[in-house]
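Encoded as C-alpha cells, the structure appears first; notes follow it.
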Amino acid sequence: MAGTPSNGPAITTPPTAVTTTPAPSRTSAAPAKAVSPAPAGTLTTPANDHGCRNLTVSNEVKAAVTGAYQRSFPRFVHVQPVPHQFFYGQCGGVRYAATRFEATPGATHEELVGMQDEGSATKYFRGTSGGSWIYIASDGFPRWPHGCGDVPQIPETLVAAWGNCPVVQ
C-alpha cells in the first residue's frame with residue numbers, strides 16, 4: 001500500500017451538501033444501498049486494522065475527481081458522477097475514489113455517444129500528496145465480475161469496505 005499511515009483519522013470539512021459512500025452489507029450478497037448523509041466532518045468506522053475506511057464525500061471532492069476525469073478524457077466536458085455511485089475512502093494517508101459518470105445538460109452529441117460505453121464503466125482515482133486527484137484505472141466493459149476487487153490499484157481492505165463497488169440500478 002502506498003503512502004504513510006496517518007497518526008489519526010483525517011477530518012474533512014465538506015461544503016454544505018454531503019453524501020456517504022455506500023456501505024456493504026455483511027449479511028447479504030445484494031448490492032449496498034446509499035446511506036443517509038453523515039454530519040459534516042464525520043468519518044465512518046475503520047474497515048479493519050490496516051486503516052482503510054470509508055469517508056464522507058463532499059461536493060468539493062466530487063468536483064476534483066470529475067476534474068481529474070476530464071483531464072484524462074478531455075472529450076468529456078459535460079459530465080458528473082452518477083448519483084449514489086461515488087465511493088470515497090482512505091488507506092493510511094492515501095485517498096481513493098471510484099465512480100461512474102453521466103452526461104449533464106449541454107452535452108454534445110459526441111459526448112452523449114461516448115458516454116454510452118465510457119459512462120457505464122467505473123473509474124478509479126487516487127489522491128496525490130499535493131491534494132489533487134489522478135485517474136488510475138477503469139472497469140472493463142462489460143463490468144468486471146468482482147467490481148473494484150478486480151482493480152489491483154485499489155487496496156483489498158478498501159475493496160472490502162466498499163463491498164466491491166456494487167452498481168445500484
Side-chain angles (χ1 to χ4, degrees), residues 1-6 10 12 19-35 43-58 61-76 79-103 111-129 131-169:
M1 172 167 49
T4 305
S6 63
T12 58
T19 57
T20 57
T21 299
S25 168
R26 302 225 186 261
T27 59
S28 170
K33 301 294 180 194
V35 295
L43 297 176
T44 58
T45 305
N48 57 43
D49 294 71
H50 295 104
C52 290
R53 62 191 174 272
N54 287 324
L55 297 175
T56 300
V57 63
S58 67
V61 168
K62 288 181 180 183
V65 167
T66 301
Y69 178 65
Q70 291 168 322
R71 284 190 304 279
S72 296
F73 298 88
R75 68 186 180 273
F76 297 118
V79 295
Q80 67 184 10
V82 172
H84 311 292
Q85 290 292 292
F86 199 99
F87 297 88
Y88 179 47
Q90 182 173 332
C91 291
V94 181
R95 296 172 304 144
Y96 296 90
T99 190
R100 292 183 306 139
F101 289 92
E102 65 183 7
E111 288 175 300
L112 293 171
V113 170
M115 289 306 290
Q116 289 177 10
D117 292 336
E118 214 36 63
S120 65
T122 301
K123 306 296 184 268
Y124 301 91
F125 302 85
R126 182 177 50 82
T128 67
S129 59
S132 61
W133 289 88
I134 58 170
Y135 168 79
I136 57 173
S138 179
D139 260 349
F141 185 76
R143 188 172 195 269
W144 292 333
H146 299 107
C148 56
D150 286 330
V151 180
Q153 295 91 334
I154 305 297
E156 289 180 25
T157 51
L158 190 56
V159 168
W162 287 350
N164 282 332
C165 307
V167 175
V168 178
Q169 298 297 332

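Just so you know, residue 1 is the first one in the sequence shown, and it goes up from there.
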### Task
Taking all non-hydrogen atoms of both residues into account, name the closest pair between W162 and A98 and its distance.
CZ3-CB, 3.9 Å
### Task
Could you tell me how the ring of F101 sits relative to the ring of F125: parallel (under 30°), tilted (30 to 60°) or perpendicular (over 60°)?
perpendicular
### Query
Given the rule in the side-chain contact (heavy atoms from CB on, under 4.5 Å) test, do V65 and Y88 qualify, once you have shown the distances and angles that lead to the verdict?
CA-CA 10 Å; V65 167; Y88 179 47; over 6 Å; no
### Task
Kindly give the heavy-atom pair with the smallest separation between K123 and S138, and that separation in Å.
NZ-OG, 3.4 Å
### Task
Please round to the nearest 0.5 Å and tell me the distance separating atom CD of E156 and atom CG of L158.
11.0 Å
#### Entry: Nearest atoms (heavy-atom pairs only) where C91 meets Y96
CB-CE1, 4.2 Å
### Summary
Per side-chain contact (heavy atoms from CB on, under 4.5 Å), V57 is matched among L55, V61, N54 by V61
### Query
In Å and rounded to the nearest 0.5 Å, what is the CD to OG1 distance from Q85 to T99?
7.0 Å
### Message
Using every non-hydrogen atom in the two residues, find where V159 and C148 come nearest and quote the distance to one decimal.
### Response
CG2-O, 3.5 Å
### Query
Could you go step by step and tell me if I136 and I154 meet the side-chain contact (heavy atoms from CB on, under 4.5 Å) rule?
CA-CA 9 Å; I136 57 173; I154 305 297; 4.1 Å; yes
### Task
Please report the C-alpha distance between Q153 and Y124 in whole Å, then the side-chain angles of each, then the deciding distance to 0.1 Å, and finally whether the side-chain contact (heavy atoms from CB on, under 4.5 Å) criterion is met.
CA-CA 8 Å; Q153 295 91 334; Y124 301 91; over 6 Å; no
### Task
Ignoring hydrogens and angles, tell me if any N or O in the side chain of R95 forms a donor-acceptor pair with the backbone of W133 under 3.5 Å.
no
### Query
At their closest point, which heavy atom of P81 faces which heavy atom of F86, and how far apart are they?
CB-CD1, 3.8 Å
### Message
Within this structure, what is the CZ-CZ distance for the pair F87 and R100, rounded to the nearest 0.5 Å?
### Response
9.5 Å
### Message
Is there a side-chain contact (heavy atoms from CB on, under 4.5 Å) between R75 and E111? Walk through the geometry before answering.
### Response
CA-CA 7 Å; R75 68 186 180 273; E111 288 175 300; 6.0 Å; no
